[in-house]
K.L.:
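Below you'll find the structure I mean.
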Amino acid sequence: MRLEVEEAIRRLTDKMRRQESTEKVNLVNASGRITAEDIRAPFSVPSYPKSAMDGYAVISEDVTGASKEAPVHLRVTGQINAGDPANFACTPGTAVRIMTGAEVPAGYDAVIRQEDTDYGADTVAIYTGISKWQNYCRPGEDIEAGTCVIPAGTMLTPAHISVIASLGIADFRVLKPMRTAILSTGSELLEPGLVSDKARTYNSTVYQLQAALTDRHIEVVERGHAPDTIDAIGGFLKRHIGNVSVIITTGGVSVGDKDLMPAVLAELGCEILFRGANIKPGTPVTAGYKDGTVILCCSGNPFACVVNFQVFFWPMAAAVTGCFAFLPKEREVTLMSGYSRPRHLRGYLRARCDGDGVYIPDKGHSSSIMSSAVDCNCMVIQPEQVELKVGDRVRIRELL
C-alpha cells in the first residue's frame, strides 16, 4: 500500500538531526541565512528624542490656538542639525530650528513642521496649534532596549538586515548551511555542453534542484551522475552517507530492469522509510536512512522529480534548521482556467497563481515535460477522486 504524503513526511522529518553548528557572519553576507540565536536590542531605537521632520521644536502649550489669522510668535534660540548636540536651554516662548533626525532638546515636547511657519530665523510665526509629542519620536518608540528583535531560527530578509544594522550590530551568529548531495542516475544522461552521436537526454533536473538549494543557502557538497550500475550508484552514496543530512537522487525508483535504487539501498543496509507514496506524479518516490543521512530517491521524470522534491525535501530542511520559512505556503484560491479529471491518487498540477485566481496550463502536463512549468509559481493540489473545474475553490502550494 502506498504511504500517505503526511505519513511519509513524518517519517522523513523524524530522522532529521537539528543543525547546531554555527558561524559568525557580517551583515553584508547575512541575507537568506538563519539566525542561530536571538538578536536583542543593545539600546533603544531611537536612543534619544528625535525630530520626525524639518521644523521647530516647541513647547506644545505655547502654541495653543495658533492660526494663520492669529499666529503665535516665538523667539528662535538656535538651530540643530542631525548629529548636533542638543545643548539648548528650554524656556517658555522659545523655539529651536530643527532638522529631521536631530535630537530634540529637553523640555520641548513637539515639532511644528516648517510648512506651518514663516520660516523665521530670529523669531518664527507659528500658524497652527500642535499636540504634545506630535512629530516627536520618543526614545524606544521603535525598539526598546533588551527586546528580542529577531528570534533564533529566522531566515533573514533585507528588512531584517536593516533592523540589525539600526542596532549597530555588524556581526552575529547564524546556522552553518544544511549539507546535501545530489545524484542523477541513468546511463542515457549527457551533461550540458557535451555532444554525442548516440541517443542521449541532457541531464537537466539536478541543475534545477541545485539552484533551488543554493538559492536558500543550502550547501550541495557534490552534484554527481552515475550510470545504471549498483557499484556507481552505491559508490556515490557511500561517500556522503553520514556526512550530509540528505542525499537527493533522481531516477531508478520504478520497476524497470535498470531501476536500481531499491537494490542499492538494500546492499548498503539502509533502513527503508517508504517505497511509493499517494502522490502523482512521482508515485514511486522512495526514501532510505543510514547513519544520520536520509536518501530521498525521486522520480527520474523532470516534473515528477520536482514534485517529489518540493513536497518531501522542504519539511526536512525546516526540521534541520528549525526555520519555518522552508515550509511552503498553502492557501485556497479560485480556479480560473484549466480542468483536471478525477485521479486515483493525490495530484500536484503545475499552475500559476495571480492574486485569488489560479490558472492551470492547457498543455504539457506529462511528468516528463518541464517547459510548461517555466511560468508556473505554484502547484494545485488535487484530492484523489475529485474533479477540478473552472470556478472551484482549490488548494495551492507555492513553489520554493
K.L.:
Is the positively charged end of Arg97 above the ring of Tyr56, judged by distance under 6.0 angstrom from the centroid and angle within 45° of the axis?
P.N.:
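Yes, a cation-pi geometry.
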
K.L.:
Closer than 3.5 angstrom, by distance alone: can the side chain of Gln19 be matched with the main-chain N or O of Lys176 as a donor-acceptor pair?
P.N.:
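Yes, Gln19 side chain to Lys176 backbone: donor-acceptor pair under 3.5 Å.
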
K.L.:
Does any N or O in the side chain of Thr286 come within less than 3.5 Å of the main-chain N or O of Val253, such that one atom is a donor and the other an acceptor?
P.N.:
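A pair under 3.5 Å: no.
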
K.L.:
Given the ring of Phe274, does Arg11 sit roughly above its face, with NZ or CZ under 6.0 Å from the centre of the six-membered ring and within 45° of the axis?
P.N.:
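Negative - Arg11 is either too far from the ring of Phe274 or too far off its axis.
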
K.L.:
Taking atom OG of Ser166 and atom CD1 of Ile143, what is their separation to the nearest 0.5 Å?
P.N.:
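Rounded to the nearest 0.5 Å, the OG-CD1 separation comes out at 4.5 Å.
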
K.L.:
Establish whether Leu296 and Leu399 are linked, either directly or via other cluster members, by ILVMFWY side-chain heavy-atom contacts under 4.5 Å.
P.N.:
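Cluster IDs for Leu296 and Leu399 match.
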
K.L.:
Using 30° and 60° as the class limits, which term best fits the ring planes of Trp314 and Phe309: parallel, tilted or perpendicular?
P.N.:
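Geometry flag for Phe309 against Trp314: perpendicular rings.
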
K.L.:
Heavy atoms, side chains only, cut-off 4.5 Å: are Ile247 and Thr293 in contact?
P.N.:
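Yes - at least one pair of side-chain heavy atoms lies under 4.5 Å apart.
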
K.L.:
Starting at OH of Tyr339, measure out to CG of Leu349 and round the result to the nearest 0.5 Å.
P.N.:
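Interatomic distance, Tyr339 OH to Leu349 CG, rounded to 0.5 Å: 12.0 Å.
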
K.L.:
Which distance, rounded to the nearest 0.5 Å, do you find between the CG of Leu260 and the OG1 of Thr185?
P.N.:
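Leu260 atom CG to Thr185 atom OG1 measures 8.0 Å (nearest 0.5 Å).
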
K.L.:
Backbone N or O of Leu400 within a donor-acceptor pair of the Gln310 side chain at under 3.5 Å?
P.N.:
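It does hold such a pair.
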
K.L.:
Evaluate whether atom CG of Asp38 has more than 12 neighbouring non-hydrogen atoms of other residues, nucleotides or ligands under 6.0 angstrom away.
P.N.:
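Buried by this count: over 12 neighbours within 6.0 Å.
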
K.L.:
When you compare the side chain of Cys270 with that of Ile295, does any pair of heavy atoms fall below 4.5 Å?
P.N.:
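Yes, at least one pair of side-chain atoms sits under 4.5 Å.
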
